[in-house]
Amino acid sequence: MPHSVKIVMIEDDHGHARLIEKNIRRANISNEIEHFADGSSALEHLFSEKVLNNGPLLILLDLNLPDMSGTDILEKIKSDERLRRAPVVILTTTDDKVEIQRCYDLGCNVYITKPVEYESFSDAIRQLGLFLSVIQAPEIS
Amino acid sequence: MEWNIRENLVTFSRFLRTGGLGRSLLGLLSLAFVLLLIVNLATFFMIGRTTEFHETVDRSHRVQTAARDLLIRLVDAETGQRGYLLTGSQEFLTIHDEAIRDLPGLMQALDDLTAQDAEVRDRVDRLREMARERIGIMEATISLGRAQRSGDAIGIVREGRGKELMDQMRAEISAIDAIEEERWASRRQQSEWSAGATVGINALAGILILMLAGIVAWMVMRYLRQMQSAQMELDRINANLENEVRDRTGDLIRANEEIQRFAYIVSHDLRAPLVNVMGYTSELETAGQIIDRQMSRVETEAPDLMESDALLAVREDVPEAIGFIRASTEKMDRLINAILKLSREGRRVLTAEPIDMTKMVQKIADAVNHQTESVGAEVEVTDLPGLTGDRLSLEQVFGNLIDNAVKYLSPDRPGRIRVEGVDLADGMVEYRIIDNGRGISDRDHERIFELFRRAGKQDQPGEGLGLAFVKNSVRRMGGDITVESKLGEGSTFLLKFPKRLS
């Protein structure tokens, strides 16, 4: 992944956030990761001028947030003229068929269920890292 | 008569007391009938009295007439006698003779009329005696007249005995007349009274019957009104009941949905911390391994620095602790997954399709073939009645039960599992899965269907989920499941489904 792509991680569980970050780093992804523990601060950041004119970004999004549903955030991102091209990776514990369909309908690019089994979890995140290293993210302008 | 009325009144009041429209009406109608009977009898009595009155009047009249006729004929005879004595004319004698000839008949008629009448009888007797004497005197004068002795004859007349007798007879007849007159008047009074009484009774009975009719009409009206209001009340209650049933059903559906949603949310929220527990346990393990490697280096390069309990902690205590944490977390994950599965299954929409049960169950039996063969067991599937139901649910139910039967066979004897079924009369179909396995103790017959509960020797893997899941599915299809089993002898699972899934 080009060095300039910033990763925005919206994840309310600090433990999860830390594990995700660790495993991404283990996959040799050194891009800047900005962590937000709730939806409103994440949205505030995403819709700030700083982000809108500051190069490509990729969003890691959890669905179960304390203040709002991840799907609401997804909807807002995907309906925004400039942000909608940013790749969104849903990373959540939910594996409900209906929820997955809804996220793809709203325009999420990848949906990953967090496995409880840590081996699988770290594998999944590392593979995501490998995936991130090859994908191209468009500029936000 | 009076007794009848009283009895009816008593009965009537009893009817009123015991209630019931039919009985009250019967009582009232009986009373009306009795009143009509009274009217009838009174009228009948009155007619009798009237007839009697008429007879009395008629008889009195005839007595009076007969007495007067007698007198008139006597006067006629006297007139003839006197004319003959005065003129010697034969013509007068003829008048006399005709009158005399009529007299015995008239006398007899009067006798007959008054034969039973003690009051008049004496007078009539006296009348007869006087008449005979008067006739005797007349005959004597006429005989003298015939013998040309008119002077003697007139002398007898002049003696006045004849006139005296005539006067006495007139007096007697007047007396009889008066008696009959009085009787007639008294009878008329009686008759008038009885006619009045009859009219009174008729009028009273008429009023009473009208009143009874009024009461009956009122009771019927009241009854109809009560019926109507009861009907309205019933309609209202029915409507309420329907609303209530609808509300309750809605509540139940909502409650069920909430429970499903709750189970879903809880299991997801429970999963999130588990990811951390598992994750950081692994991180700890990795860290432990790094420390272990470091300690191994210290052990070889500077053995005197090595604390034996530090080594023990890193090499045994930490891995053991991590092992337990991991095992428990995995178990917890399985339980959460079980709840999730139940919740998801509960939300699945059932679809009805006709199913060849024999074919379906045989396929399930074939799937466990390798397991049964290895322990010398066999699954027999008899001809099963088909049904219209949800294929996936039925496959899961039968699959689970047959798996269980195979899993819990008794090691003491070759396993025999038999699936049979029969159509029931009430639109249901029953299937039985019969095994000769280890059986289930009486106290566990309910428990085995509960979530996470297991029974008997815990020598087989499982979460205590299968039968809870089966029961849930069976219930969703409108069916029921029960077990008959004796510990050590085998179990029979009885499944009942509606022939058509609604």
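Convention: sequence-line order gives letters A, B, ...; per-chain numbering from 1.
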Neighbours of chain A found in residues 271-284 of chain B - heavy atoms under 4.5 Å |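 So far as heavy atoms go, B:Arg271, B:Ala272, B:Leu274, B:Val275, B:Asn276, B:Met278, B:Gly279, B:Tyr280, B:Ser282, B:Glu283 are the residues that approach chain A to under 4.5 Å.
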Heavy atoms from other residues, nucleotides or ligands near [atom1] of [X] exceed 12 (cutoff 6.0 Å):
X	atom1	result
B:Arg334	CZ	yes
A:Glu119	CD	no
B:Glu307	CD	no
A:Phe47	CZ	yes
B:Glu446	CD	no
B:Lys496	NZ	no
A:Glu44	CD	no

Leading residue by heavy atom contact count with chain B [cutoff under 4.5 Å; candidates A:Arg26, A:Lys97, A:His14] =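 So the answer, after comparing A:Arg26, A:Lys97, A:His14, is A:Arg26.
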Nearest-0.5 Å distance that lies between atom OG1 in B:Thr329 and atom OH in A:Tyr118 =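 It comes to 14.0 Å.
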At a heavy-atom separation under 4.5 Å, does A:Lys22 approach chain B through its side chain, its backbone, both, or neither?
->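 Answer is side chain: those atoms of A:Lys22 sit under 4.5 Å from chain B.
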